[in-house]
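The block underneath contains the structure these notes are about, expressed in structure tokens.
Note that the numbering runs from 1 along the sequence shown for the chain. Numbering of ligands and ligand atoms starts at 1, following listing order. All heavy atoms count here, side chains included; hydrogens, waters and symmetry mates do not.
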Amino acid sequence: MVLLRCVLLFVSLRASLGGSVENVGPHVHATAGEVWPKPKYQEGTDQFYVVDAQLFEFKSDVKGCDILDKAFLRYQRIILDDYRTVENHANSLNRIRHEKTWKGDPLFQGYLKELNVSLGGSCDSYPKDEQILQKEQYRIVVNETGAWLNSDTVWGILRGLETFSQLVYLARDEESLRINVTVIEDTARYSHRGLLVDTSRHFIPVKSLCTMLDAMSYNKLNVFHWHIVDDQSFPYVSKRFPKLSEKGAYTQNLIYPVSDVQYIIDYARDRGIRVIPEFDSPGHTRSWGAAYPELLTECYSGTTKNGLLGPIDPTKAKTYSFLTELFKEIISVFPDKYIHLGGDEVPFDCWKSNPSIQQFMRKNNITDYELLENYYIQNVLHIVAKLNATPVVWEEVFNNGVQISDDTIVHVWYPNRWEKELFNVTDAGHWAVLSACWYLDMVNSYGNGDWLKYYRCEPTSFNGTKQQADLILGGEACMWAEAVNEYNIIQRVWPRASATAERLWSSVDVTDEQDAARRLEEHTCRMNRRGIHAQPPNGPGFCRY
Ligand SMILES: *[C@@H]1O[C@H](CO)[C@@H](O)[C@H](O)[C@H]1NC(C)=O
Ligand SMILES: *[C@@H]1O[C@H](CO)[C@@H](O)[C@H](O)[C@H]1NC(C)=O
Ligand SMILES: *[C@@H]1O[C@H](CO)[C@@H](O)[C@H](O)[C@H]1NC(C)=O
Ligand SMILES: *[C@@H]1O[C@H](CO)[C@@H](O)[C@H](O)[C@H]1NC(C)=O
Ligand SMILES: *[C@@H]1O[C@H](CO)[C@@H](O)[C@H](O)[C@H]1NC(C)=O
Ligand SMILES: *[C@@H]1O[C@H](CO)[C@@H](O)[C@H](O)[C@H]1NC(C)=O
């Protein structure tokens, strides 16, 4: 009986995906030379250049802009690596034959040896402002005379270089690298396009984080939300409070020393990615208590301490002087104007059990635990405001009625009611970032690679006005790390987060799922070629190279 049910389930799943008849060949045929995420405007043709990868250069009149110089080297390598891939694929005899073939093709425009890159503005050093939307705008022209990329900012040039590298494709029948004559005018729909990575539940080494940042740049994501510490471990090495990681990290090998944190910030910056650190409190702080138990609430069973520690104790003045020192350091280490303060999932049972907390509440006329939480968060918000940083908070802080400043971003995460939450947050005039529909830890493993549900989430499909929708800054895919470590995090995130990336970059009307599936098939193979171990997106298939 059990067996029969399994068989039935299996059959119905297969039927729901591809029809009951299995055809030979891949489930989805990959495109060639299509861009992910889809540009705002593209006019394509069938005319093509063969890219002369060995001589290929980026030409620019900008001198001494290290972000551009490094980007040119990266993309030169990517194009050269693709060339080596086709080289290995063809034997030399074949190449000579094919060269003749494309030379005789009326669509052949010649050999492309350079991209002329021009920067309209100055060479910025950090992608600072939240309102960077206009600044990622770029234009690519590949016409009869050559190839051009221009933008007013380095960040736009970075996005354009990525697009250019994706336009270069491995021709199917002829063993060559090609690019078609085309015009692209592109700009991001949302300015905040993020990926949260939790490095507390499992430690994620710097090397994996760099791979993650590479993949983010291949998908035009621009915010790395570093959920760096949590209950389970405190891998961030604080200069002011080194005991936090000495006692709170899993081991002394699994930490991020100052130099590693700086390396990540620079690595991200070179790819046009901002780093927003999260130091979540007053809940999710158990690891802080390994070194500083006095920060946390002592829990009671009846009238006696039971040895357990709860959330940060909001009643002690010392708590706030500690936090002032800690945040002062964090804000000096991370150049971004924003800092994520967490504020989610605060359990009240330990606070409720503790007699000195009760006493404090009576004395200060704090009548319930939400209000006690608010008292804490309000204090932390004041500390951070004094340090000239701008807070991001999880939605609970807004829901509980904490007074938040106009520039605070509310991060919407709770599943199944996010439309209503976005309505409420923006109705109150606050900035919002959406994550609720992009939790990458929710896995459905069968068949297609589980990206469609992310692709179908449209941030503006809530009941608000135009003004409300304009308060949505963007969103973040979230990779909580309970069930991932360095060995599976890359394939868990990619290409599933690519769905979020296209939703946040491309126009609202980019919803053709079949077209997306074909482009994502190509994009995943492209990521694989570039060393990103992304999992297959669409069921049965293969990568040509
Ligand atoms: C590029 O041109 C070829 C013909 O040369 C055509 O088959 C292909 O569809 C074009 N690709 C794109 C992405 O426009
Ligand atoms: C790039 O193009 C512009 C305008 O067409 C031209 O003036 C400039 O010389 C070109 N630069 C390079 C390095 O080719
Ligand atoms: C090709 O594009 C460049 C840059 O936009 C432009 O200067 C040039 O005139 C174009 N060539 C033709 C033949 O349209
Ligand atoms: C305590 O708070 C309640 C409700 O917030 C208020 O009605 C009351 O006047 C307050 N009492 C004192 C002593 O401040
Ligand atoms: C939104 O606000 C309404 C009215 O205050 C409230 O009833 C509702 O629970 C809120 N929705 C969410 C998801 O917080
Ligand atoms: C959505 O809009 C309709 C019509 O304006 C309104 O009746 C309804 O209450 C709204 N729902 C929410 C969740 O705001």
Point to revise | From R529, R178, R526, residue fulfilling salt bridge (charged side-chain N to carboxylate O under 4.0 Å, His left out) relative to D82 | key: R529
Review point. For ligand 1, which part of N180 has a heavy atom less than 4.0 Å away: the side chain, the backbone, both, or neither?
Key: side chain
Point to revise | Non-hydrogen atom of G44 closer than 4.0 Å to ligand 1 | key: no
Practice item. Please report the shortest heavy-atom distance between F58 and I79, naming the atom on each side. Key: CZ-CD1, 4.2 Å
Review point. What atoms of ligand 1 come within less than 4.0 Å of a heavy atom belonging to F48?
Key: 5 (O)
Review point. Do R139 and ligand 3 have an N or O pair less than 3.5 Å apart?
Key: no
Review point. In terms of residue, atom name and distance, what is the protein heavy atom nearest to atom 9 (O) of ligand 1?
Key: D46 OD1, 4.3 Å
Practice item. Could you tell me whether the side chains of N180 and T182 share a donor-acceptor contact shorter than 3.5 Å? Key: no
Practice item. Considering heavy atoms of the protein only, find what lies nearest to atom 13 (C) of ligand 1 and give residue, atom and distance to 0.1 Å. Key: A32 O, 3.5 Å
**Study point:** Between T145 and N143: side-chain donor-acceptor atoms closer than 3.5 Å
**Key:** yes
Exercise for review: May I ask you to check whether F56 and Y49 place their ring centres under 6.0 Å from each other?
Suggested key: no
Practice item. Name the option, out of V412, N424, N399, N416, that contains the heavy atom nearest to atom 10 (C) of ligand 5. Key: N424
**Study point:** Aromatic plane relationship, W394 with W413 - under 30° parallel, 30 to 60° tilted, over 60° perpendicular
**Key:** perpendicular
Practice item. First locate atom OH of Y455, then atom OG1 of T511, and finally report the distance between them rounded to the nearest 0.5 Å. Key: 7.0 Å
Review point. Do E34 and H523 get their side chains close enough for a donor-acceptor pair, meaning under 3.5 Å?
Key: no
Check your understanding: For atom 2 (O) of ligand 3, which candidate among N143, N116, V141 provides the closest heavy atom?
Key -> N143
Check your understanding: Below 3.5 angstrom, do we get any N/O pair linking E144 and ligand 3?
Key -> no
**Study point:** Numbered atoms of ligand 5 (with element) below 4.0 Å of R417, judged on heavy atoms
**Key:** 13 (C)
Review point. So, for atom 5 (O) of ligand 5, does the protein have a heavy atom nearer than 4.0 Å?
Key: no
Study note, to complete from the structure: Near E421 (heavy-atom distance under 4.0 Å), the atoms of ligand 5 are 12 (C), 13 (C), 14 (O)
